Novice: 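Sending over a structure as structure tokens; questions will come in a sec.
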Amino acid sequence: KQEVTQIPAALSVPEGENLVLNCSFTDSAIYNLQWFRQDPGKGLTSLLLIQSSQREQTSGRLNASLDKSSGRSTLYIAASQPGDSATYLCAVTGNTPLVFGKGTRLSVIA
Amino acid sequence: GAGVSQTPSNKVTEKGKYVELRCDPISGHTALYWYRQSLGQGPEFLIYFQGTGAADDSGLPNDRFFAVRPEGSVSTLKIQRTERGDSAVYLCASSSSGRADTQYFGPGTRLTVL
């Protein structure tokens with residue numbers, strides 16, 4: 001059974017810092033990995049999708065990498081802003097459509 | 001264009017009652033998914049539709065939960081004899097063709113069972 005773990009569970013950084021969020025998964029037989037953002041009381045917003053054949057994807061200040069063989073992904077956020085404060089969720093699609101981690105709660109302090 | 005919409009946004013019911021939650025996917029999306037999210041947890045998969053049929057219902061917790069998508073667009077999640085443990089946010093998502101595509105989520109329905 002696929003399990004997804006995200007470290008750290010919570011992170012607080014000053015504005016302007018670069019930061020890395022980590023995600024690991026136990027079964028490397030995946031179609032893709034997605035990173036989502038969730039604001040309090042809201043649904044999920046897709047940030048990046050990496051297909052299993054890809055190594056990384058970039059969108060603006062976000063860069064996500066995937067190492068399928070080791071079961072790891074990282075989300076890099078450059079020059080963090082207070083508006084980046086949210087919970088970031090990692091999810092993998094394999095035999096089950098999207099298995100999620102519990103998320104990393106990010107606070108960017110102005 | 002319009003995103004995924006879900007109604008109602010909030011639903012409060014009493015233990016033992018029946019509830020229906022509705023999802024309108026993005027127009028033209030053939031795949032539709034239901035998830036359940038408890039406080040402090042990531043969403044948990046319930047069921048996946050491809051067109052009108054349930055391609056994977058392995059996440060439904062028991063036979064009190066049922067979902068339909070009769071015309072391949074709108075879907076309804078039905079919960080019979082609700083229990084307090086059913087309280088959660090129920091999220092719906094859609095994707096253009098299948099599980100390899102980006103999933104777009106609705107705002108969710110917060111269900112509270114008293």
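Everything quoted here is computed from the prediction, not taken from an experiment. Naming convention: chains lettered A, B, ... in sequence-line order (proteins, then strands); numbering from 1 in each chain. Below, all heavy atoms of this structure are taken into account, side chains as well, without hydrogens, waters or symmetry copies.
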Novice: Check this for me: B/L114, atom CG, are more than 12 non-hydrogen atoms of other residues, nucleotides or ligands nearer than 6.0 Å?
Specialist: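 Atom CG in B/L114 is packed in, count exceeds 12.
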
Novice: Which region of A/L49, side chain (C-beta onward) or backbone (N, CA, C, O), has a non-hydrogen atom less than 4.5 Å from a non-hydrogen atom of chain B, or is it both or neither?
Specialist: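 The side chain, not the backbone.
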
Novice: Is any side-chain heavy atom of A/F100 closer than 4.5 Å to one of B/F45?
Specialist: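 When only atoms from C-beta onward are counted, A/F100 and B/F45 do not touch, as no gap falls below 4.5 Å.
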
Novice: Would you say B/P43 and A/L44 make side-chain contact, with heavy atoms under 4.5 Å?
Specialist: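 SC-SC contact between B/P43 and A/L44 confirmed.
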
Novice: Treating Ile, Leu, Val, Met, Phe, Trp and Tyr as nodes and any side-chain heavy-atom pair under 4.5 angstrom as an edge, say whether B/Y33 and B/L111 lie in one connected cluster.
Specialist: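 Different hydrophobic clusters.
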
Novice: Is it true that, when you exclude B/F66 itself, more than 12 heavy atoms of the residues, nucleotides or ligands shown sit nearer than 6.0 Å to its CZ?
Specialist: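 12 or below, so no.
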
Novice: Looking at every heavy atom in both B/T102 and A/Q34, which two are closest together, and how far apart are they?
Specialist: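 Nearest heavy atoms, B/T102 then A/Q34: CG2-NE2, 3.6 Å.
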
Novice: What part of A/Q6 gets within 4.5 angstrom of chain B, counting heavy atoms only: side chain, backbone, both, or neither?
Specialist: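 For A/Q6, no heavy atom lies under 4.5 Å from chain B.
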
Novice: Please say yes or no: joined through hydrophobic side-chain contacts below 4.5 Å, possibly via intermediate residues, are B/L32 and B/V89 part of one cluster?
Specialist: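 Result: no, two separate clusters.
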
Novice: Check the hydrophobic clustering (I, L, V, M, F, W, Y; side-chain heavy atoms under 4.5 Å; chains of links allowed) and say if A/L66 and A/L48 are grouped together.
Specialist: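 In one cluster: yes.
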
Novice: Report the option among B/C92, B/S9, B/G42 that has the most heavy-atom pairs separated by less than 4.5 Å from atoms of chain A.
Specialist: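 Winner by heavy-atom pair count: B/G42.
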
Novice: Is B/Y104 in contact with chain A via its backbone, its side chain, both, or neither, using a 4.5 Å heavy-atom distance?
Specialist: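 No part of B/Y104 comes within 4.5 Å of chain A.
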
Novice: So which of B/Q103, B/Q41, B/R110 has the largest heavy-atom pair count under 4.5 angstrom toward chain A?
Specialist: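 Heavy-atom pairs under 4.5 Å are most numerous for B/Q103.
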
Novice: Say whether A/V108 and A/Y76 are linked into one hydrophobic cluster, either directly or through other cluster members, by side-chain heavy-atom distances under 4.5 angstrom.
Specialist: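 In one cluster with A/V108: A/Y76, no.
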
Novice: Applying the 4.5 Å side-chain criterion to the ILVMFWY set and letting contacts propagate, would A/V99 and A/F36 be lumped into a single cluster?
Specialist: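 In one cluster with A/V99: A/F36, no.
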
Novice: Would A/L98 and B/Y35 count as a side chain to side chain contact (heavy atoms under 4.5 Å, CB included) here? Give the steps.
Specialist: CA-CA 9 Å; A/L98 284 188; B/Y35 296 85; 3.2 Å; yes

